[in-house]
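Start at 1 with the first residue, then count along the sequence.
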Amino acid sequence: IHNCGSEESRHDGIHSFFVGKNAKVTYTEKHIGIADGKGESNMNPTTVINIDEGGYMEMETTQLSGVDSTDRKTTAKLKDNATLVIREKLMTSGVETAKTDFVVDLDGENSSANVVSRSVAKDNSYQLFLSRINGNNVFKTPLPLTSSFFSEPFLSISSMNTIACSAFSKSPPHSTN
């Protein structure tokens, strides 16, 4: 986003992805704001993701300093055996503000999501990260840790607000060793 004047510069894109059955998609997005004027650079992208059965999407987003204000919204719906991996990197400085809001619906059996955000807020800048991963179905098999570790299949999470973690609604057995 380049702004050499005194007016506001905006980027309000909508990205829609429809990942077909057993398809694999990698999407990389990089933004930086460059200004030699007094105008603001604002970016408010919306990303909508639908992943069909067995589909896989990896999304890497990077936003470096120079964007005065951003409000990033991502929604995703995953069907059976679909996987979504999101890696966000965000840096703000000065008095910049950034908001990220991820909502992922794991609607299919054995669907999974991994959402990680790494951020640096310098100076007086402000960042807000919101993430909801809604487990709307049951895992039929354990995640690939070690299958003998679990005595029986466990359930996916009914809802989660997190930055980056792995969580189970049923705890694995504890070792007495």
Side-chain angles (χ1 to χ4, degrees), residues 1-19 23-51 55-78 82-106 111-136 143-145 156-169:
I1 301 173
H2 181 76
N3 190 350
C4 61
S6 60
E7 301 297 317
E8 177 188 36
S9 176
R10 296 185 66 86
H11 171 69
D12 295 336
I14 298 174
H15 310 102
S16 296
F17 296 92
F18 298 91
V19 181
K24 297 191 183 331
V25 173
T26 300
Y27 172 67
T28 303
E29 170 187 282
K30 297 182 181 184
H31 290 104
I32 185 169
I34 300 171
D36 50 9
K38 302 271 186 215
E40 284 190 10
S41 296
N42 297 315
M43 182 178 70
N44 301 306
T46 298
T47 304
V48 179
I49 302 166
N50 291 282
I51 305 177
Y56 175 90
M57 181 171 180
E58 188 169 322
M59 183 170 96
E60 182 177 331
T61 64
T62 303
Q63 179 180 315
L64 300 178
S65 221
V67 177
D68 294 295
S69 173
T70 187
D71 186 357
R72 308 170 63 83
K73 294 179 180 155
T74 301
T75 60
K77 294 190 177 295
L78 283 66
T83 301
L84 175 63
V85 176
I86 299 175
R87 292 185 191 95
E88 175 188 70
K89 293 181 269 182
L90 185 60
M91 182 172 71
T92 55
S93 63
V95 294
E96 298 167 351
T97 62
K99 177 183 175 186
T100 300
D101 188 6
F102 290 111
V103 178
V104 180
D105 288 319
L106 303 175
S111 58
S112 64
N114 183 354
V115 177
V116 177
S117 180
R118 296 175 52 200
S119 65
V120 175
K122 297 168 139 186
D123 307 319
N124 292 317
S125 65
Y126 173 81
Q127 296 182 16
L128 174 63
F129 179 83
L130 304 170
S131 177
R132 289 179 305 282
I133 300 175
N134 302 309
N136 298 327
L143 291 174
L145 296 173
S156 63
I157 309 155
S158 59
S159 67
M160 177 169 64
N161 293 319
T162 183
I163 291 177
C165 82
S166 296
F168 308 99
S169 60

**Q** Can you find a heavy atom in the side chain of Phe17 that is under 4.5 Å from one in the side chain of Thr47?
**A**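 They are in side-chain contact.
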**Q** Please find the pair of heavy atoms, one from Ile51 and one from Ala82, that lie closest to each other, and give the distance.
**A**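 In terms of heavy atoms, the two residues are closest at CG2-CB, 3.6 Å.
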**Q** Measure the spacing between CD of Gln63 and OG of Ser119 and express it to the nearest 0.5 Å.
**A** 11.0 Å
**Q** Kindly say whether Asp105 contributes a backbone atom to a donor-acceptor pair with the side chain of Asn134 at under 3.5 angstrom?
**A** no
**Q** Applying the side-chain contact (heavy atoms from CB on, under 4.5 Å) test to Met59, which of Thr74, Thr26, Val85 qualifies?
**A** Thr74
**Q** Are Val115 and Phe129 packed together at the side-chain level, in the sense that at least one heavy-atom pair is separated by less than 4.5 angstrom?
**A** yes
**Q** Checking the side chain of Asp68 only, and the main-chain atoms of Asn42 only, is there a donor and an acceptor separated by less than 3.5 Å?
**A**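 No; zero donor-acceptor contacts below 3.5 Å.
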**Q** Please find the pair of heavy atoms, one from Thr70 and one from Pro45, that lie closest to each other, and give the distance.
**A**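 Where Thr70 meets Pro45 most closely, the heavy atoms are OG1-CD, 4.0 Å.
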**Q** Please find the pair of heavy atoms, one from Gly33 and one from Val67, that lie closest to each other, and give the distance.
**A**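 Minimum heavy-atom separation between Gly33 and Val67: N-CG2, 3.9 Å.
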**Q** With the side chain counted from C-beta on, respond yes when Glu58 and Lys24 share a heavy-atom pair under 4.5 Å apart, and no when they do not.
**A** no
**Q** Which atoms form the tightest heavy-atom contact between Asp123 and Ser93, and what is the distance?
**A** OD2-CB, 3.7 Å
**Q** Contact between Thr92 and Thr97 at the side-chain level, heavy atoms closer than 4.5 Å - yes or no?
**A**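 They are not in side-chain contact.
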**Q** If you draw a 6.0 Å radius around CG in Asn124, do more than 12 non-hydrogen atoms from other residues or ligands fall strictly inside?
**A** no
**Q** Give the minimum heavy-atom separation between Ser111 and Leu78, together with the two atoms involved.
**A** CB-CB, 4.0 Å
**Q** Quick check for you: to the nearest 0.5 Å, what is the distance between Ser41 atom OG and His31 atom NE2?
**A** 11.5 Å
**Q** If you round to the nearest 0.5 Å, how far is NZ of Lys89 from CD of Glu29?
**A**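 Here the rounded value is 12.0 Å.
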**Q** Walk me through it: do Ser125 and Glu96 pass the test side-chain hydrogen bond (donor to acceptor under 3.5 Å, both in side chains)?
**A** CA-CA 5 Å; Ser125 65; Glu96 298 167 351; 5.8 Å; no
**Q** Show the numbers, then the answer: is there a side-chain hydrogen bond (donor to acceptor under 3.5 Å, both in side chains) between Asp12 and Asn44?
**A** CA-CA 5 Å; Asp12 295 336; Asn44 301 306; 3.2 Å; yes
**Q** Could you check whether any side-chain heavy atom of Lys99 comes within less than 4.5 Å of a side-chain heavy atom of Leu130, counting everything from C-beta outward?
**A**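 The answer is yes; the side chains approach within 4.5 Å.
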**Q** Is atom CG of Leu128 surrounded by more than 12 heavy atoms (other residues, nucleotides or ligands) closer than 6.0 Å?
**A**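 Correct, the count exceeds 12.
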**Q** Who passes ring pair (Phe, Tyr, Trp, His ring centres under 6.0 Å) against Tyr126, sequence neighbours left out?
**A**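 Tyr126: no ring pair (Phe, Tyr, Trp, His ring centres under 6.0 Å) contacts found.
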**Q** First locate atom CZ of Arg87, then atom OG of Ser117, and finally report the distance between them rounded to the nearest 0.5 Å.
**A** 12.5 Å
**Q** Specify the closest pair of heavy atoms between Ala76 and Leu84, including all atoms of both residues, with the distance to one decimal.
**A**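 The pair with the smallest heavy-atom distance is CB-CD2, 3.6 Å.
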**Q** Looking at NE2 of His15 and CD1 of Ile49, how far apart are the two atoms once the value is rounded to the nearest 0.5 Å?
**A**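 It is 11.0 Å, given to the nearest 0.5 Å.
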**Q** With rounding to the nearest 0.5 Å, note down the distance linking CD in Glu60 to CD1 in Ile86.
**A**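 That separation rounds to 12.0 Å.
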**Q** Picking from Arg72, Arg132, Lys73, what satisfies salt bridge (charged side-chain N to carboxylate O under 4.0 Å, His left out) with Asp101?
**A** Arg132
